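Working notes, structure below.
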Amino acid sequence: RWPKLRSSAPPKRPKKNNFWRATPAPAHMPKALASDRPEVRFEPLSLERLGAVLEVENRAYAHPWNRANFNDVLHSGYQAQILMAEHTILGYFVAMKGVDEVHLLNITVAPEYQGQGWAHLMLDALDIWARGQNAEFLWLEVRVGNTRARQVYERHGFVQVGQRKNYYAAGRGEREDALVMNLRLA
């Protein structure tokens with residue numbers, strides 16, 4: 001089970017060995033979230049929410065996951081959590097557990113809520129879950145050109161350990177490399 005968070009604001013980045021804490025709503029937070037102070041919570045990805053998740057996915061990416069990708073996630077039993085503020089999807093992540101590692105397959109913040117710390121909150125939650133699964137490492141791939149995401153991962157402690165050539169579709173028959181990053185948990 002995922003804990004319910006009682007703040008409408010994302011946490012500030014923690015210092016080493018400190019867990020995040022809720023803070024007042026920042027000035028740049030959309031009024032719909034800042035004024036109403038809704039409860040922020042995680043809930044499992046479900047078929048009932050899949051349509052809304054696909055809408056966010058399609059707004060967030062030029063090459064989004066499709067319904068079949070998410071259906072595979074649901075049927076495979078991967079860790080898939082949606083970050084909600086009342087009925088609003090702030091973001092979501094999908095991770096696959098291995099023997100002693102967890103692989104982050106997708107992490108998305110809805111475009112209108114990007115830059116507010118929600119990705120850090122989801123990565124913190126994933127860290128906690130992965131440690132509970134006795135994982136020693138978190139792994140992910142990120143597009144070489146996705147500077148913003150790379151900075152988020154680096155601030156979270158991920159380090160580049162490799163590169164996959166032509167890993168992602170890039171449009172017009174082109175491909176883009178992926179950086180392979182990991183975070184040691186143990």
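Only this structure's heavy atoms are used, side chains among them; waters, hydrogens and symmetry mates stay out. Since the model is a prediction, treat every value here as computed from it, not as a measurement.
- Taking the side chain as every heavy atom from C-beta outward, His120 and Arg155 approach each other to under 4.5 Å.
- Of the possible polar contacts, none joining the Glu43 side chain to the Met84 backbone as a donor-acceptor pair under 3.5 Å is found.
- Of all heavy-atom pairs between Val56 and Ala110, the closest is CG1-CA, 3.7 Å.
- Remark: Leu179 CG to Gln160 CD distance equals 4.5 Å, nearest 0.5 Å.
- In this structure, the side chain of Arg131 engages the main chain of Leu185 through a donor-acceptor pair within 3.5 Å.
- When all heavy atoms are compared, the tightest approach of His156 to Leu123 is CE1-CB, 3.4 Å.
- At distances below 3.5 Å, not a single donor-acceptor pair connects side-chain atoms of Gln79 with backbone N or O atoms of Ala95.
- Taken from CZ in Phe42 to OH in Tyr92, the straight-line distance is 14.0 Å, to the nearest 0.5 Å.
- Between the Asp72 side chain and the Asn69 main chain, no donor and acceptor come within less than 3.5 Å of each other.
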Given side-chain contact (heavy atoms from CB on, under 4.5 Å), test Arg184 with Val159 step by step and report yes or no. CA-CA 9 Å; Arg184 184 169 186 78; Val159 294; over 6 Å; no
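- Side-chain contact between Lys97 and Trp129 is present, with at least one heavy-atom pair separated by less than 4.5 Å.
- Between Leu47 and Leu74 there is a side-chain heavy-atom pair separated by less than 4.5 Å.
- Considering CG of Leu90 and CG of Leu121, their distance stands at 9.0 Å, rounded to 0.5 Å.
- Heavy-atom minimum distance, Tyr61 versus Ile107: OH-O, 2.9 Å.
- The CG atom of Leu126 sits 6.0 Å away from the CG atom of Leu104 when rounded to the nearest 0.5 Å.
- A donor-acceptor pair under 3.5 Å is formed between the side chain of Glu57 and the backbone N or O of Trp65.
- In this structure, the side chains of Asn166 and Asp177 come closer than 4.5 Å at one or more pairs of heavy atoms.
- Summarising the geometry of Asn66 relative to Leu54, their closest heavy-atom pair is C-CD2, 3.8 Å, with the distance given to 0.1 Å.
- In this structure, the side chains of Asn146 and Glu176 stay at 4.5 Å or more apart for every pair of heavy atoms.
- Here the straight-line distance linking atom CZ of Arg49 with atom CD of Glu55 works out to 12.0 Å at 0.5 Å rounding.
- Put simply, the side chain of Arg41 gets close to the backbone of Glu86: a donor and an acceptor are under 3.5 Å apart.
- Inter-residue side-chain proximity for Leu83 and Val109 is flagged as unmet; no heavy-atom pair is nearer than 4.5 Å.
- In terms of modelled atom types and a separation under 3.5 Å, the side chain of Asn106 and the main chain of Phe93 share no donor-acceptor contact.
- Residues Val180 and Val142 fall into different hydrophobic clusters, defined by Ile, Leu, Val, Met, Phe, Trp and Tyr side chains chained together at heavy-atom separations under 4.5 Å.
- Two different hydrophobic clusters hold Met122 and Phe70 under the rule that ILVMFWY side chains link at heavy-atom gaps under 4.5 Å.
- Linking Ile, Leu, Val, Met, Phe, Trp and Tyr residues whenever their side-chain heavy atoms come within less than 4.5 Å places Leu50 and Ile82 in a single cluster.
- Counting all heavy atoms, side chain and backbone alike, Asn182 lies closest to Phe137 at ND2-CD2, 3.7 Å.
- No hydrogens or angles considered: nothing links the side chains of Glu141 and Tyr168 as a donor-acceptor pair under 3.5 Å.
- Neither Phe158 nor Trp139 shares a network with the other; the hydrophobic side chains, linked directly or stepwise wherever heavy atoms of I, L, V, M, F, W or Y lie under 4.5 Å apart, form separate groups for each.
- Of all heavy-atom pairs spanning Trp118 and Tyr113, the tightest one is CD1-O, 3.3 Å.
- No chain of hydrophobic side-chain contacts below 4.5 Å, direct or via other Ile, Leu, Val, Met, Phe, Trp or Tyr residues, connects Val161 to Tyr153.
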Check the pair Glu112, Arg59 against side-chain contact (heavy atoms from CB on, under 4.5 Å), reporting the backbone distance first and the verdict last. CA-CA 10 Å; Glu112 59 272 26; Arg59 287 194 331 265; 2.8 Å; yes
